[in-house]
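To find a chain, count down the sequence lines: A is the first, B the second, and so on, and within it residues start at 1. As a basis for the values below, the full set of heavy atoms in this structure was taken, side chains included, without hydrogen atoms, waters or symmetry mates.
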2 protein chains.
Amino acid sequence: MGKSPAFEKELSTEEKIKAAARIVFAKKGFAAARTRDIADTAGINLALLNYYFRSKQKLFDGIMREKLQEFFGKVAPIMIDTTTTLETKIETFVAHYTDMLIKNPELPLFVMSEIRTHPQHFAQISPIHQILNESSFVAQLKEKRPEVHPLHFLMSMLGLTVFPFIAMPMMKSIASLDDEAYTRMMEERKKLIPLWMHTILDKKPNT
Amino acid sequence: MGKSPAFEKELSTEEKIKAAARIVFAKKGFAAARTRDIADTAGINLALLNYYFRSKQKLFDGIMREKLQEFFGKVAPIMIDTTTTLETKIETFVAHYTDMLIKNPELPLFVMSEIRTHPQHFAQISPIHQILNESSFVAQLKEKRPEVHPLHFLMSMLGLTVFPFIAMPMMKSIASLDDEAYTRMMEERKKLIPLWMHTILDKKPNT
DNA sequence: GTCTATAACCTGATAGAC
DNA sequence: GTCTATCAGGTTATAGAC
């Protein structure tokens, strides 16, 4: 598959390989991806791939590092900010994350799958550590709802935001939605999810 | 990995292989799983695996069929039932699904990953089709909140329930939770999620 | 830096003895 | 039915010419 070079102009060879690797790894995962496919997609020779990156694993590590940064990097600054309200954080988080995922819909499933296969490598992803242990977000959650573990709200917000992208391959074929319709739904969720989160946070069990 | 036979007694050879395949495929996915690992885990020889199942693919197809049934099979009857209220359906769904996922935490990531790699194979998974097109659940959602696409609520309920299991490898290492603590949180969610879903469904945008 | 050719290895599958 | 030994094919990685 992908026998025709996808990147012809203006990119350095190294960048062409990385661009191709991003595509092929994201689509197939580490194990199923073949270096030949990456070389073909990049429009260069297989030997050249090993000349720039010493091995498939090393090439993958670089890509994975990027993807993790993309997936987790933007979150921490929003969550740590002590000058914003809980409500603002939720709105900003959902909006930023949804935008990023619309551009990068296969990212969550890719990252989660590879973490499953090699959990050791991701033992301490610092942004999430930060959010969980030192963030203003968690402090605000604890203050508002001290009786519920803040992880419940964090997992819920993430689940509401991220899960539709994880389930997309399934949903799209089942609900007969094309890309445009799916994107429109995700845009709608930028308003819906914060609304829901606020309601959830206000809802005490016996109210 | 897995060099010592895990199943020694009372299982037929065929069942030993299937049991081993369930474990290895679930942990690694189709592409990364090696038939040698499955044979070793089963405590039998590689040739025997091909004697019982003609190929890796055929063995996998059988396992996948089981897993899909496990993942989707139980849902449809709950959602289609015309004698129960929307509230009851949500509570039953979350409780049943959570119980199943506690016993089978790696199931969602496995299923989603393999659907991504081979979307064609799962084009029409009948239980979900049923839920989306003919279920009492969707009808009740439409009646209660006609202005919101029912898929929003379905994705949200699924996300709240399933996402914590998808993110588990990540969360466990990050939040320093052991298996028991994680299970306890999931048990808590059996009460929290229905509560939240009801609040969400009642919350009109300008109320 | 880039290529062709090939080495070295691994994996799924089979042949054939028991 | 179960095993050992091996084949056939594919994959990563490298050698060596240009």
Side-chain angles (χ1 to χ4, degrees), chain A residues 1-65 113-114 117-118 121, chain B residues 1-65 113-114 117-118 121:
Chain A
M1 26 202 82
K3 293 297 174 201
S4 53
F7 321 98
E8 317 239 345
K9 33 186 170 182
E10 293 171 28
L11 287 179
S12 69
T13 302
E14 186 172 349
E15 271 307 322
K16 278 193 278 188
I17 297 172
K18 286 182 83 171
R22 276 188 276 268
I23 294 172
V24 177
F25 279 137
K27 182 149 52 187
K28 309 258 205 127
F30 177 78
R34 281 161 302 175
T35 49
R36 276 175 169 78
D37 283 348
I38 297 175
D40 288 348
T41 305
I44 54 94
N45 189 277
L46 173 58
L48 213 46
L49 185 150
N50 284 287
Y51 171 78
Y52 279 97
F53 308 85
R54 289 169 32 94
S55 69
K56 177 187 181 182
Q57 184 67 53
K58 288 216 166 45
L59 174 57
F60 179 80
D61 290 347
I63 303 296
M64 193 62 188
R65 192 185 192 77
S113 298
E114 299 300 336
T117 322
H118 300 291
H121 291 210
Chain B
M1 30 201 78
K3 294 298 175 200
S4 52
F7 321 97
E8 318 240 345
K9 35 185 169 183
E10 293 174 26
L11 287 179
S12 68
T13 301
E14 185 171 350
E15 270 309 321
K16 278 194 276 188
I17 297 172
K18 285 183 84 171
R22 275 188 275 268
I23 294 172
V24 176
F25 280 136
K27 182 147 56 187
K28 310 257 205 130
F30 177 77
R34 280 162 302 176
T35 49
R36 277 174 170 77
D37 282 349
I38 297 175
D40 287 348
T41 304
I44 53 93
N45 188 277
L46 173 58
L48 213 47
L49 186 150
N50 284 289
Y51 172 78
Y52 279 96
F53 307 85
R54 288 167 35 91
S55 69
K56 178 188 181 183
Q57 185 66 53
K58 287 216 166 47
L59 174 56
F60 179 80
D61 290 347
I63 303 295
M64 192 62 188
R65 192 183 191 80
S113 299
E114 300 300 337
T117 322
H118 301 289
H121 292 211

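Taken residue by residue, residues 55-65 of chain A places heavy atoms nearer than 4.0 Å to DNA chain D at A/S55, A/K56.
We find the NZ-CD1 distance between A/K16 and A/I38 to be 15.5 Å, quoted to the nearest 0.5 Å. Between the CZ atom of A/F60 and the CZ atom of A/R65 there is a distance of 13.5 Å, given to the nearest 0.5 Å. In this structure, CZ in B/R34 is found 10.0 Å from OG1 in B/T41, a value given to the nearest 0.5 Å. The CD atom of B/Q57 sits 11.0 Å away from the CE atom of B/M64 when rounded to the nearest 0.5 Å.
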For a quick test of your reading: what N or O donor-acceptor pairs under 3.5 Å do the side chains of residues 44-53 of chain B make, sequence neighbours left out?
from	atom 1	to	atom 2	distance (Å)
B/N45	OD1	B/A47	N	2.7

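In this model, the phosphate group of C/dG12 is approached by a side-chain N or O of B/T35 to a distance below 4.0 Å at OP1 or OP2. The phosphate of D/dC3 has neither OP1 nor OP2 within less than 4.0 Å of any side-chain N or O from B/N45.
Across all strands, B/L46 comes closer than 4.0 Å to base atoms (heavy-atom distances). Among the heavy atoms of the strands lying under 4.0 Å from A/A33 are primed sugar atoms or P, OP1, OP2 only; no base atom is included. Residue contacts for B/Y52: at a heavy-atom cut-off of 4.0 Å it reaches the sugar-phosphate backbone alone, with no base atom in range.
With A/F25 as the aromatic partner, A/K56 does not meet the cation-pi criteria of under 6.0 angstrom to the ring centre and within 45 degrees of the ring axis.
Rounded to whole Å, atom P of C/dC10 lies 14 Å from atom NZ of B/K28. Rounded to whole Å, the distance from CD1 on B/I38 to C1' on C/dA13 is 14 Å. Between the CG atom of B/N50 and the C1' atom of D/dG9 there is a distance of 15 Å, rounded to whole Å. Here C/dT11 presents its P atom at 14 Å from CZ of B/F30, a figure rounded to the nearest Å. Between A/E15 atom CD and C/dG1 atom C1' there is a gap of 17 Å when expressed in whole angstrom units. Nucleotide C/dC10 holds its C1' atom 15 Å from the CZ atom of A/R34, rounded to whole Å. Distance B/K16 NZ to D/dT2 P: 8 Å, rounded to the nearest Å. With rounding to whole Å, A/L48 atom CG is found 14 Å from D/dT14 atom P.
A salt bridge is defined here as a Lys NZ or Arg NE, NH1 or NH2 lying under 4.0 Å from an Asp or Glu carboxylate O, and A/K58 with A/D61 fails to meet this definition.
With B/K18 contributing its side chain and B/T13 its backbone, the two residues share no donor-acceptor pair below 3.5 Å. A donor-acceptor pair under 3.5 Å links the side-chain atoms of B/E114 to the main chain of B/F30, judged by distance alone.
When the local axes at the two ends of the helix from C/dG1-D/dC18 to C/dC18-D/dG1 are compared, using 5 base pairs at each end, they differ in direction by 10° after rounding to 10°.
Residue side chain B/R36 reaches the base of C/dG12 through a donor-acceptor N/O pair under 3.5 Å, judged by distance alone.
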